[in-house]
Amino acid sequence: MVSESVPLIELLKETEGSLLILTHENPDGDALGSAMALYLFLRKKGKNVTIGCKDRVPHFLDFIPHCSEVVSLPDGKFYDLGIIVDSAGFYRAGADVKVGKRIRIDHHVGGEFYGMYDYIDPRAPATASLVYELIKCWDASSIDEEIATCIYAGLATDTGFFRYSNTTEYTFEVAKELVKYGASPHYVYRMFSERESVNKMKLISKVLDTLTLYEDGLVAGITIYDRFFKETGTDYADSEGLVNYPRSLEGVEVAFALIEKPDEGVWKVSLRSKVEADVSKIAERLGGGGHKYASGCKIKAKSYEDALETLLKEIKKQIELQKIGV
Ligand SMILES: [Mn+2]
């Protein structure tokens, strides 16, 4: 993995112009952790670098060092070079960014490619581990506690705190090195997982009321109506991770969350699978993308019923293609 980052390192070393590091909208721990680690490192290297994201940093990630420095996109500025992390392409930024050269650092299968400077490896457990390899290859001595914490946060959250199938010997090796650099597993876990608000709990309660099983219990879904956010004093960012509830049910292979987004006139879909099902295929057929076990897409539909029907049709197709539960 190390050598694959070399062209990008050489390019970054030569770059004297402005750099923008950005993540996808509604950033998760890997997106923000990766972006922030790279930002802090490049700043240490004396680069003219900005970190940006369309959405505000959600509460559960506000422990990421220096997260108040994230610029709200679009900011109307032009950057010589833009690096998007943990995203299938610049379209995932959800904002119109103006950059001269586009580069992608990611561990998703497929997506957009911008050329030889991209650093993409679907075998990586998280984008954060790719950023770690890049920094280690360039100058390991500059890794400090803050950079290690950002990378650790990305690695830990994208592996479900070392429980998902992307947790391997390598994942633990990287985690071990990060702890040596000063990352605290207990601190990151506590900050990420144990600071829920009462409002969020009330949202979870409403959402769980919508839990429905399909395909003889192989599929489970929840619906998050926009009014739920208003009724509980929460917002869209609080829907992150709720899809793990239907996934945790015994016998469920494919779980989904259907999230109403009236501002965009779409239903956002989060898909998760447990063992066999490849939900990235479902998401791709609906214009989205992701990994085998975690993917997403958006469905434009006249009604909730239409969106649900479109989604269930594609899930059923995938279950039949892979002969799951037969
Ligand atoms: Mn990721």
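Hydrogens, waters and symmetry mates play no part in the numbers below; they use all other heavy atoms, side chains included. Numbering of ligands and ligand atoms starts at 1, following listing order.
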*Note: Glu4-Arg123 ion pair, threshold 4.0 Å (strictly below)*: yes
*Under 2.8 Å from the Mn ion (ligand 1), is there an N/O/S atom belonging to Asp158?*
yes
*Specify which N/O/S atom of Asp86 comes nearest to the Mn ion (ligand 1), by atom name.*
OD1
*Is the Mn ion (ligand 1) less than 2.8 Å from an N/O/S atom of His107, whether that atom is in the backbone or a side chain?*
yes
*Worked check of ring pair (Phe, Tyr, Trp, His ring centres under 6.0 Å) between Tyr293 and Tyr164*: CA-CA 9 Å; Tyr293 299 104; Tyr164 299 158; 8.6 Å; no
*With the Mn ion (ligand 1) as the point of reference, which N/O/S atom of Asp30 is the closest?*
OD2
*asked:* I want to check a possible cation-pi pair here: Arg104 against Phe90, using under 6.0 Å from ring centre and within 45° of the ring axis as the test.
replied: no
*asked:* Check this for me, if you would: do Glu196 and Lys200 make a salt bridge, where the nitrogen-to-carboxylate-oxygen distance has to be below 4.0 angstrom?
replied: yes
*Report yes or no: does Asp28 have an N/O/S atom closer than 2.8 Å to the Mn ion (ligand 1)?*
no
*Within 45° cone and under 6.0 Å: Lys261 NZ/CZ vs Tyr236 ring*: yes
